[in-house]
Amino acid sequence: MSGGTRLENANPVIFQRSGERLLTASDEDEDVHDPIDDREIFDILSYFDLHLIRAINDPEHPLSLEELNVVEQVRVKVNDAENTVGVEFTPTIPHCSMATLIGLSIKVKLLRSLPARFKIDVHITPGTHASEEAVNKQLADKERVAAALENSSLLEVVNQCLTNRSI
Amino acid sequence: MAADSSLLQSLVEEFVSGLQDSKAKDAATAVKDGQFTVLQLVEALGLSLTSTQPHTRARGVQLLSEVLQECYGNLTQREVEVLIAFYENRLKDHYVITPSVLQGLRALTKCTALPPGSAVSMLRSLFQDVHVQSLMLAERSCVYSMLINLMETREAELKGLGSDFVFGFVQSMDGERDPRNLLLAFQIANLIIQRGYNLGKFAEELFEVTSCYFPIDFTPPPNDPHGITKEELIETLRSVLAGTPKFAEFLLPLIIEKLDSDVQSAKLDSLQTLTACVSQYEHKDFAEFLEGLWTSLRREVFQTSSERVESAGLAAVTALTSCLSRAVLSSDSEDSLSTFLDLVLTDCKHHLCEPDLKLVWPSAKLLQAACSASTRASHIVTAAVMPSLLEQYSNRTQCSQRRTLLEVVLKFIQAVKTSQSLENEESVFIDFRASLCSTVFSALSENNSSLQVTATSLLTSLSQQTGLLLDSDIDLAVDHLIRLLLTESDDKVSLAVVECAGALAELHPTVFITKLIPRLKAEMFAEPMDQDDNRKSSEQPSHHAVRQRCLSVLAAVSIKPSVVKETTPVLLDVLSSAHTGSVGFSVDEVVMTCRSLQRIAEQVQDIEETGRCFHETIIPQLLSLALQAALQGEESSGHRSPLVEEVVLSAVASVISTSCSRLQPQLAAQTAKRTVALFLDDDVSFLPDNSFPSHIQLLKKQQGESWRQSQLVCLLMGCVCSLPRSVEVPQADELLSQLEEMSCSCSHTLSYTSAAKCFAGLVNKRSQGDSLDSLIQRMMKRVCGELDSTSSPVRTQAFTLMIWVAKALLLRYHPLSTSLTDKLFTLLDNSDLGAMAADGFSLLMSDSADILNRGCHADVRIMYRQRFFSENSPKLVQGFNAAEPEKKSNYLKALSNIVNKLPKQVQITELPALLSLLLEALSCPDQGVQLSTLSCLEPVLIDPPPALIQQLEALVNRLQTLICSPAMSVRIASLRCLHALSHFPTHEILPFRARVLRALGRPLDDKKRLVRSEAVQARGEWFLVGSPGGR
């Protein structure tokens, strides 16, 4: 990052991480069936960092989606039995130009991380973004998502967001 | 003489015209042996040196130079003078001669008989007649070594050359490209600067010619034969650039410019160079660049891109500040330190008022870096920052904000601690004493666990600053700690409290003796208030937790001998009341008590006072209690003493072991003597509460409930196996034979295992010799006899003894260890003992916690694992190939047990040979084998050897099968391996991408969450393989 680049939000508010999920005895027990729950989906999302979207983040001291409060556990809804997942995300500022990209990244992350039986719905928390409807429409459109991922430069940005930097 | 001269003539002939290079060696030897002189050689060379053919002249000079290289030591001053004059003249000659001339001159520079003035004339003609950069690599290096040699021996003469020398050097190195030569050139530049050569007007030139390599970007070629590393170049260049303040005006703009770079390593190098150079500079050297430097440094920390850059930036801030603090103030100049700190404070201070926002921490770190540089800096910074921080703490109400503020304060105090060197100086924080204390105590009484944790660390830090905590504050602090200990159930809080109590008790033992210890004792001995209450189930665990915390605090505070004297009786009381049953302590709590005693033995100062306490009070008491419990068994009265439990006895044994190995060898010897007497001769006289029967006979075979007594042998093991090697074990032969008997005949597991371990521990320390050999052979014979008879009832016992003795001998490289381990290898084929033998290898290769480790002063040679592995892996492979199919798994298990424990470097080098066997092990149905193979594969996969890449197909296939294994741990381990595979070179793994992604789809829906989360990570990484923006 050369010195001159101005950040859209250089000094964002930081939220506390909720910490690792505690291991319980039943997690270790071979015979118990653990259903997929809200927390699990939340963990999948919260640990990836949007480090390359500079506008909301700087590299390395990576602020995760959780620390920026983009994703909260209460806004993740899973129904294991009915095979549905719903995620609401909150852009850091109402005019955040990255909202579509964040949404797309979340969607791709879930597509890659969940069994194929799930129907995945990603949208903006109501009332938190200027062009909420347009973004939601884009994210809900299967064909547009598929087409976006055909675009190699867009795929590149999404992949960069999903690259785990700690390794 | 005539024969000699003809010999010489023929040598010269053959070298010059015959082009036989080996003749130079012969000539040199001949000169060295005194067969002929250099003068004679020159005379013989006469014609070739004056030939009209440049190539002949070159050959002639080459012979002379090569001879000189061998025997420059024997030359007289007169000879050297002539030779130098000759060589200087030859520099003007044809270019093909130059290499040999330089070689000869280099040899002459090493001469001790160098006449005065010759160094100067040599260099003058060198700089004048030779253009160094048009020479070949080897000749250039020759020039540099000449310079280095002369600088070593003729410093004064060279300095007489004045700045011409520097100019000559600058000209010769200008444009150098080879890293090997650069290293030499940097060394010369370094010498020029360090030894104070006159740079004259060439300072800028010298800077230019070296700084053009900054920052160094160099990757050594693969299998680099020269061993030049990037780090070496960076270090030497840095010491040149940072070597003198004369470079400041050139270097600092360069650093500011390079900090703007996008390349991480350039940033890092610039920051480290900055740190290095300001330590040499005075304030006036960089005054004009201060603002620019600060802007760059601030940017690096605020928008940091990596932790290393950030910490390098902070180190640079510290170095700058400490340089400014050294500046001498004169009455008319401004105070540069406060000017700089004003800059820092204006940019950073306001961020501290926004504890929610991201820049709080970078700002705090910058200020703390400045703060830690000097006392004056810390006074200025803390005076500006602390009041507002403390005020904000009292004004803010949200816990998370308050915690951030408190942590910032804590970091400031810790930063200042590093800067204060004088012990009794008044603390920088003395002005804020009152408000700091009240803040800490209010945070401690807060109901938020993270605030409490931070507050306890703050309390620890405050106690380490002189004069910040008054006696009344300590009293109050201890009250708070006790309250937190007894009421808070959060693990993190109690851990922090224990740590804080330990730190405070070291400084203020008396308060802890009078207040904390009696209170905790009362609390522990109080029966839980549940006698007639039906809340029993909910109350019980919390009382248990309180006791546990009390026990760990008692251990933590016992650092000073005066405290130890108070805490250990409390712990012993717990044990004896648990034994008699007068107060109900669970087995868990009893074990915990023993752990606390052990921890105290580990951490107290090893002085006579504490040694006596352990050897004369605690150990006899422990033995006595254990013996009472063992004897009591027969007349059972309903209450079963916890001291007969195996876990408790092992914990007691480790208390004894730690004190015998660590505290006061003479006293330990006495303890050992008494303990052995107790076990061999029934001598109970040293035990307190002496009411034991006269015939106990602990090591003899007994009837009935004898296991209670026989298992006490583990206490004997704790004592005699951990003695320092200087202490002789009393009655060793008698002891060994009884232990052998017991370990081969007893049927109680703990008893025979402990006896075997004790035997092994003693064998490990016995001095080498016939008595030891015959002892081992006798034991071997007996053990092998038992093992070979299929009907023997004590095969397991014999096996246990054998494996422990094998370990004891293997550790000390005893020659007889092979006969034992070979026996172990043959047992792999045994249908009954095969599996046990395979597991035995894990015991052989791992560290054991209680005996045969360095803590017990055992004889452990380094790298015994590697040695064992390299000696035995062929046997294992052979055995595997020859074994029947159903026995093969034993071999695989043994192999994976061995490989698993090897250090990673060895694993990587050994793996190619064993790879096919390990892949075989992955398809072995035994889950234990699968798991241990996977766990030894995983670290190797991070940095894969080429052999592995060739086997990729097989590996992926096996892993793919294993991710559907019924055992959860196998599924997890194989997913981790697949994850690691995704970091292999893309072109190797791309063909597998689609297949692996499909295979990883299934574990995404695994019934276990832990498996799913591994699958999610692995699949995420595999998606990135070969995809744009991925890897």
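Hydrogens, waters and symmetry mates play no part in the numbers below; they use all other heavy atoms, side chains included.
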Max heavy-atom pair count under 4.5 Å with chain B, selected residue of A/Leu114, A/Ile36, A/Val108: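 Winner by heavy-atom pair count: A/Ile36.
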Which atoms of [X] approach chain A - backbone, side chain, both or neither, heavy atom under 4.5 Å:
{"X": "B/Arg1009", "result": "both"}
{"X": "B/Pro966", "result": "backbone"}
{"X": "B/Ala967", "result": "both"}

At a 4.5 Å cut-off on heavy atoms, which part of A/Leu154 comes close to chain B: side chain, backbone, both, or neither?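 The answer is neither part of A/Leu154.
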Largest heavy-atom contact set with chain A, pairs under 4.5 Å, which of B/His351, B/Arg1012, B/Met968: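 Looking at each option in turn, the highest pair count goes to B/Arg1012.
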Have [X] and [Y] got a donor and an acceptor in their side chains that come within less than 3.5 Å?
{"X": "B/Arg396", "Y": "B/Gln392", "result": "yes"}
{"X": "A/Asp38", "Y": "A/Gln73", "result": "no"}
{"X": "B/Ser1027", "Y": "A/Asn159", "result": "yes"}

Audit row: A/Lys119, A/Asn83, side chain to side chain contact (heavy atoms under 4.5 Å, CB included) steps and yes/no: CA-CA 6 Å; A/Lys119 180 184 183 308; A/Asn83 301 334; over 6 Å; no
Does the pair A/Arg117/A/Asp80 count as a salt bridge with the N-to-O cut at 4.0 Å?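 A salt bridge links A/Arg117 with A/Asp80.
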